[in-house]
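Structure, as structure tokens:
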Amino acid sequence: MNLSKLLNKQQQKVVETIDGPILVLAGAGSGKTRSVIFRTAYLINEKKISPQNILVVTFTNKAANELRFRLKTTFKIDTYSLWVGTFHSICARILRFENEATPYNSNFTIYDAVDTKSLLKKVYKKLEIDPKKFPFQRVISIMSNQKNSLILPKDFFLFNEENYFTETVHKIYVEYQKILIENNGMDFDDLLMNTALLLHDNKIIRQKYQQKFRYVMIDEYQDTNYAQFKIVNLIAKNHQNLCVVGDDDQAIYSWRGADIKNILNFEKDYKNVLTVKLEQNYRSPQSILDAANCLIKNNYSRHQKELWSDIKSNEKIELIEYKNERDEADFVIQKIAEFSDNLNDCVILYRTNAQSRVFESAFMRKNIRYQVVGGVNFYQRKEIKDILAYLKVFVNSQDNESLMRIINFPPRGIGKTSLQKITNFAVDNELKLMDAVQSDGILKYIGNRAKKLEEFSKKMAKWQKEADELDIPDFIEKLINELELKDLYYSDDPQDIARIENIEEFMVASQEFCENFQKEVGEKPQLTQYLQSILLQTDLDNYDENEQSAKLMTMHNAKGLEFENVFIVGLEEGLLPHSRSLESERQLEEERRLFYVAITRAKKRVFMSFAQTRRTFADILYNHESCFLKEIDEEFVQRKNVKRDYLPKRKINVDIVLENKKHFRIGQKISHSKFGEGVVLSVDGKGDDAKLTISFSNGVLKKIIGTFVRKL
DNA sequence: TTAAGTATGCTTTTT
DNA sequence: GCATACTTAA
């Protein structure tokens, strides 16, 4: 391995210093990933460390897979016994393996955000708590903070003051946690908390992992929270062979408990730390870094460093002001069309997921391929969650939540009343719900619905058996067919069509997963492993950089990626910085870092833009440009004003609308951006607010508000 | 018990 | 606007 040819001095130091704690402050684009890959390869190939003694924690599963792939192909390393993954997947693996030391068994279910919320709703009902006084989001975030700080329900008041509000939150936390354990389920935060507590409380297990993971590497260390810090610390504090990599200027997850102090205080937490700074950027031209440096130096709490680059460019960053968000979308996409040979060199970055919509419809109108990364998770769609609920029950029969979801889906005559009876029966006989359903006594108890329940119980037993015997994709296909799920959505409604497509896509995805798993691991995956991979998927895991399409994503999801052309949109007060992060200077600094992350993604060009007005679901916002724009020296930015409407055609239409106040009548021909042309069948109300029934030329019948159609 | 109709909340960022 | 959660009638 000739490192001096492939790496710069600092990177070599990172790779070759294998003993003792090392802190790598790696600026954006400074070859951080490269260093981690080479370091792992160096440990194995040069220092003959067995892969099973190495732990590498990455920020996404995709990054983990790439690391494995590179080790295999470039360095001919067998990565089978190497542990690489996100904190969550590593923790899940440990907890499944060490389940006997926990209140869970190895088949525990992982609860996602939607599951968490619906479980919480049940807790509220049981405790008779008003969601208006204790908003779900607020309580979820408090509980999450407790878990990330390793505070169990019983220790709640050691760390929180006692008042009416906290007492209720505590009650919720106690009950929520109790039900999770009863269901043999963990939410995302439990995975971290339970691992940290297990390693902390159980000396034998702790020593086992200390001895196993003799070399530990953590990427994106600036975004670790206390639980994660603790896990790392418990494993590595004795041997101190710990390499953490990160950039305090790119810390953007404090709202989920990440503590920038973990990286700022690393030199205090460990002894004789070697600190290496990677400041040469290999990604962007100096002109773009100048702008980024201008911005970030306004932050107080940071390690001093200045990113520099050899790459030269005469182009300035372009900043354009638009009249509204639709113009912004049209212009940006127009520009992207100019790069149409290399659509996948272009990315649109925004602050909130909701901003993607206006771009999506613009892409559709222009017929340009695009890919939204993140946003609403595929596996959180209703029709998919229904299937997953079945699978979860087969894996973990204690999962009452999933069972309740499917017991009458698709409708099979086991409604509220019957479910109540089953629940009562289960409680009286101290049975899990599924055991109650399959018990002998239940049928007499249930009365006239006994036949339906018996049918369900028999089917479940049959599927349960098949779930063990069949290959996952075959089983899923069989299940979907026997449940007649697709027939359920058979109609002309575009929504239903989409649901059927999603179900089909789900089947294909399961096929792909199993094939990949087989290739990677050399054996067939178990249903547990399949479910876990779905639930611990990160937004980025589905991102395909080779697909010929423009990419859209949040600035958060863009971390670690790079693109030739970066379009940063919606640079308005209220969006960036976001109106909900103006409470403290600390929050404002994080918003600034987010902008910094966005700018430093670019290899060639940055285009920034904002809109004077922006339509949200409720009303029209009049925004000022982001205060951050003023922090970037004018010499790095070329300002352009394009305030008029982009499409002259639409402008004419707007004028007509103003003239006749958009008065709709029956028979009026209209057009809609998504559904095309159609005829108004009925009108309820006036102008933009009118509720119209429209028959579209493609045969679709829809109810649409006046504002979304245009007269022809 | 269920389908169809009506009301509501939603939007910060994610594992 | 959209999706879900709740209400009502059959």
Side-chain angles (χ1 to χ4, degrees), chain A residues 58-61 85-92 110-114 116-118 121 131-132 135-137 140-141 144 147-148 186-192 220 223-225 227-228 251-258 349-358 361 373-377 380-383 385 408-419 448-449 452 495 498-499 532 534-541 553-559 570 574-582 587 590-591 593-594 597-598 614-618 621 672-674 691 702-705 707-708:
Chain A
T58 56
F59 206 64
T60 64
N61 300 299
T86 61
F87 269 107
H88 288 86
S89 63
I90 299 273
C91 288
I110 296 170
Y111 279 53
D112 69 13
V114 178
T116 295
K117 196 170 171 188
S118 71
K121 274 182 192 161
K132 290 222 170 68
F136 290 119
Q137 230 27 72
I140 287 171
S141 120
S144 173
K147 293 182 181 185
N148 287 327
M186 292 193 207
D187 64 21
F188 292 133
D189 301 313
D190 284 331
L191 292 171
L192 304 177
E220 306 286 5
D223 284 323
T224 50
N225 59 35
Q228 292 165 331
I252 51 175
Y253 284 99
S254 74
W255 49 272
R256 71 175 200 207
L349 301 179
Y350 38 76
R351 177 65 174 84
T352 67
N353 284 306
Q355 285 169 261
S356 74
R357 182 168 264 147
V358 60
S361 65
V373 180
V376 181
N377 191 321
Q380 293 188 340
R381 286 161 213 257
K382 186 196 162 297
E383 62 275 19
K385 286 213 79 142
N408 198 32
F409 181 88
R412 56 168 69 85
I414 307 171
K416 250 190 197 159
T417 331
S418 308
L419 183 58
N448 64 345
R449 296 276 152 175
K452 309 262 181 199
Q495 254 186 45
R499 286 191 201 276
Q532 174 166 316
I534 287 174
L535 280 147
L536 294 185
Q537 238 174 31
T538 66
D539 277 345
L540 239 66
D541 292 341
M553 66 183 84
T554 61
M555 299 178 188
H556 281 91
N557 272 332
K559 194 167 71 161
L575 267 181
L576 187 80
H578 197 273
S579 51
R580 296 211 186 173
S581 12
L582 299 172
Q587 285 185 336
E590 181 147 315
E591 296 288 301
R593 288 195 291 268
L594 203 47
V597 168
R614 183 170 293 272
R615 204 192 175 95
T616 65
F617 65 92
L621 298 175
H672 183 271
S673 59
K674 206 164 163 184
K691 286 176 187 161
K702 271 261 155 188
K703 284 200 169 174
I704 285 173
I705 309 283
T707 178
F708 296 99

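Here is the naming used below: chain letters follow the sequence lines, and residue numbers restart at 1 for every chain. Reckoned from all heavy atoms, side chains included, excluding hydrogens, waters and symmetry mates.
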Worksheet item: Parallel under 30°, tilted from 30 to 60°, perpendicular over 60°: which one fits the rings of A:His556 and A:Trp255?
Response: perpendicular

Worksheet item: Stacking check: are the rings of A:Tyr253 and B:dT13 less than 5.5 Å apart at their centres and under 30 degrees in tilt?
Response: no

Worksheet item: Are A:His88 and B:dT15 stacked, counting the six-membered base ring, centres under 5.5 Å, planes under 30°?
Response: no

Worksheet item: From the list B:dT2, B:dT13, B:dT15, which nucleotide is the closest neighbour of the side chain of A:Phe188?
Response: B:dT15

Worksheet item: Counting only N and O atoms by type, is there a donor-acceptor contact under 3.5 Å from the side chain of A:Asn353 to the main-chain atoms of A:Gly374?
Response: no

Fill in: Given B:dT1, B:dT14, B:dT12, the nucleotide with the shortest approach to the side chain of A:Thr417
B:dT1

Item to complete: Using the closest heavy atom to pick a nucleotide of DNA chain B for each, name whichever of A:Asp189 or A:Ile414 lands nearer the 5' end.
Response: A:Ile414

Worksheet item: Of all the nucleotides listed (B:dT12, C:dC2, B:dT15), which has the minimum atom distance to the side chain of A:Thr86?
Response: B:dT15

Discussion item. Going by side chain to side chain donor-acceptor pair (under 3.5 Å), name the residues that satisfy it together with A:Thr86, two or more places apart in sequence or in a different chain.
Written reply: A:Ser89

Worksheet entry | Those residues that, when tested against A:Asp541, pass salt bridge (Lys or Arg N to Asp or Glu O under 4.0 Å) (two or more places apart) | none

Worksheet item: Choosing from C:dC2, B:dT12, B:dT2, which nucleotide comes nearest the side chain of A:Pro411?
Response: B:dT2

Worksheet item: Over how many whole Å does the gap from A:Glu220 atom CD to B:dT14 atom P extend?
Response: 15 Å

Fill in: B:dT1 OP1/OP2 closer than 4.0 Å to side-chain N/O of A:Ser418
yes

Worksheet, complete the sentence: Which of B:dT13, B:dT11, B:dT15 is nearest the side chain of A:Ala354? It is B:dT11

Worksheet item: Quick one: which of B:dT2, B:dT12, C:dA5 gets closest to the side chain of A:Thr352?
Response: B:dT12

